[in-house]
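Report on one structure; see the data block that follows.
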Amino acid sequence: MNSLHLSNPWVRLAIAIITFVVFGVAWWLISPLFINQSVSESFPTLAPMATKTEAPAAASLAEPTSTPAAAATTEPTEESGEAMPEGAGLTLLYQGQFYDLAHHGEGTASIYSFDDGSRVLRFENFQVLNGPDLHVYLAVQDPVPNTVGQELVGYVDLGELKGNVGDQNYDIPEGVDLEEYPSVVIWCVPFRVPFSAAALSAAQ
């Protein structure tokens, strides 16, 4: 009976499709653990011609592309990874160091404000284990609980992690009260796992 079923071309096609999907999902989940995605974004600046009538303040930050191919060909600027350049219209608001949760993480997380009120989160000397569908969250918890399979409550999603290695910038939406979010978390969405986090302290 089984041999008759397997001889049916539709059964063989269904098995082939299921096998392809299973292996595809497995590769998507596992392969990032062995592949580093590096980025090297320069220090955030306001777009020269941007105005409030042209775009929202948070969208006016100039963000270089963060694809792996672009990162390999983009040379870091002298400002990247250094202290805030003077006269750039930036004020350091919060800062903290990444610590380990489910995986090792290191680097500095800083939040700056522009003269126009827009704000940006910047990672410098950053590194964490890569993973599937990693996102950058602002979290209300401090410290962030090291749990697996439990949803994080009360977070703000700043978008997909651009790279697990290197300097990078993330716009903070207008209206977010930073005093309510003392932590930055690298969060794995499919498995609901906090990879690494940084506790943010107000700048002195």
Side-chain angles (χ1 to χ4, degrees), residues 23-47 58-85 88 90 92-112 114 118-139 144 146 148 152 155-173 183-200:
F23 275 98
V25 171
W27 175 253
W28 177 74
L29 292 174
I30 297 174
S31 63
L33 299 175
F34 309 102
I35 301 174
N36 285 330
Q37 183 173 352
S38 299
V39 295
S40 182
E41 292 190 330
S42 59
F43 213 94
T45 58
L46 281 174
S60 64
L61 298 175
E63 290 189 359
T65 181
S66 60
T67 61
T73 58
T74 302
E75 293 294 333
T77 65
E78 294 181 358
E79 293 175 350
S80 178
E82 297 181 357
M84 180 183 66
L90 287 170
L92 177 62
L93 300 178
Y94 297 91
Q95 194 168 70
Q97 300 296 315
F98 278 95
Y99 57 87
D100 300 350
L101 287 172
H103 300 289
H104 174 69
E106 59 185 60
T108 303
S110 306
I111 294 180
Y112 296 93
F114 285 100
S118 59
R119 298 160 300 175
V120 63
L121 169 66
R122 177 166 174 80
F123 296 167
E124 291 181 312
N125 302 315
F126 172 74
Q127 184 171 345
V128 72
L129 181 71
N130 205 357
D133 200 15
L134 298 181
H135 279 234
V136 178
Y137 286 179
L138 294 178
V144 175
N146 191 4
V148 176
L152 196 66
Y155 64 86
V156 173
D157 190 346
L158 300 185
E160 187 175 358
L161 183 69
K162 298 174 182 179
N164 67 303
V165 178
D167 301 343
Q168 48 206 283
N169 309 315
Y170 297 88
D171 295 343
I172 297 177
S183 296
V184 175
V185 186
I186 309 303
W187 184 264
C188 179
V189 174
F191 295 108
R192 292 177 289 183
V193 174
F195 271 41
S196 179
L200 299 172

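When reading the values below, keep in mind they use all heavy atoms of this one structure, side chains included, and skip hydrogens, waters and symmetry mates. Only a predicted model underlies this, so the values are computations on that prediction, with no experimental measurement involved.
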Will you find, in the side chains of N130 and N36, an N or O donor that is under 3.5 Å from an N or O acceptor?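 There is no such pair between these side chains.
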Only counting residues at least two apart or in another chain, list the ones meeting ring-ring contact (aromatic ring centres under 6.0 Å, His included) with Y94. none
I want to check something: taking the side chain as every heavy atom from C-beta on, are [X] and [Y] in contact at a cut-off of under 4.5 Å?
{"X": "P173", "Y": "L158", "value": "yes"}
{"X": "Y137", "Y": "V184", "value": "no"}
{"X": "P132", "Y": "F191", "value": "yes"}
{"X": "N169", "Y": "L121", "value": "no"}
{"X": "Y155", "Y": "V185", "value": "no"}

Minimum heavy-atom separation for [X] to [Y], with atom names?
{"X": "S183", "Y": "A199", "value": "OG-CA, 4.4 Å"}
{"X": "C188", "Y": "F195", "value": "CB-CE1, 3.4 Å"}
{"X": "A102", "Y": "N146", "value": "N-OD1, 3.4 Å"}
{"X": "Q95", "Y": "S110", "value": "NE2-OG, 2.7 Å"}
{"X": "V144", "Y": "A197", "value": "CG2-CB, 3.9 Å"}

If I take atom [atom1] from residue [X] and atom [atom2] from residue [Y], how far apart are they, to the nearest 0.5 angstrom?
{"X": "L134", "Y": "L129", "atom1": "CG", "atom2": "CG", "answer": "8.0 Å"}
{"X": "W187", "Y": "S196", "atom1": "CH2", "atom2": "OG", "answer": "13.0 Å"}
{"X": "L90", "Y": "F43", "atom1": "CG", "atom2": "CZ", "answer": "5.5 Å"}
{"X": "L200", "Y": "L93", "atom1": "CG", "atom2": "CG", "answer": "10.5 Å"}

In sequence, state the C-alpha distance, the side-chain angles, and the governing distance for I186 and H103, and then conclude on side-chain contact (heavy atoms from CB on, under 4.5 Å). CA-CA 10 Å; I186 309 303; H103 300 289; over 6 Å; no
Under 3.5 Å donor-acceptor, [X] side chain and [Y] backbone:
{"X": "R122", "Y": "T108", "result": "no"}
{"X": "D100", "Y": "G105", "result": "yes"}
{"X": "E41", "Y": "V39", "result": "no"}
{"X": "E160", "Y": "D133", "result": "no"}
{"X": "Y170", "Y": "K162", "result": "yes"}
{"X": "N164", "Y": "Q37", "result": "yes"}

Can you classify the ring geometry of F126 versus F123 as parallel (below 30°), tilted (30 to 60°) or perpendicular (above 60°)?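 The rings of F126 and F123 sit tilted, inter-plane angle from 30° to 60°.
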